[in-house]
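Input: a single structure, listed below in structure tokens.
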Amino acid sequence: MIAIDFWESKDGKAIDVSLQRRKKDVLVYIERRRVVDGNPQKAYIHRMNMGIQDAVDGAGLPFAYVQKLMRPHTRTLEERSRRIGKEAGLEF
């Protein structure tokens, strides 16, 4: 568990970090052995995408944050397939 600064979203709207924050303890998983880019399993991609969608729609996580910092590591299955095809010289 680590302590984080937390701003609550009201009605799923974007958070306002100028408002008062609260401290919350959260559980964070950090993998120390597998630290290079790889190919995640399909089930993991699906779970990550569902969590990202929930965070954007329900908790007000800014979509720009997802696109800039998360999407390069958590592509959708379609994006991943397109990238693998392109690397293999295929266009679809």
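Residues passing the side chain to side chain donor-acceptor pair (under 3.5 Å) test with R21 are D5, sequence neighbours excluded. E31 meets the side chain to side chain donor-acceptor pair (under 3.5 Å) test with Y29, R34; sequence neighbours excluded.
Looking at every heavy atom in both residues, W7 comes nearest to L19 through NE1-O, 3.1 Å.
If you chain together hydrophobic residues whose side chains sit under 4.5 Å apart, V66 and M50 never meet in one group.
Here L27 sits in one hydrophobic cluster together with M1; the rule is ILVMFWY side chains under 4.5 Å apart, joined directly or through other members.
For NZ of K23, the number of neighbouring non-hydrogen atoms (other residues, nucleotides, ligands) closer than 6.0 Å is greater than 12. Atom OH of Y65 has 12 or fewer neighbouring heavy atoms from other residues, nucleotides or ligands inside a 6.0 Å radius. Counting non-hydrogen atoms of neighbouring residues, nucleotides and ligands closer than 6.0 angstrom, the CD atom of Q67 exceeds 12 such neighbours.
Contact annotation: the side chain of V26 approaches that of I2 to within less than 4.5 Å [non-hydrogen atoms, C-beta and beyond]. The side-chain heavy atoms of N49 and R71, taken from C-beta on, include a pair separated by under 4.5 Å.
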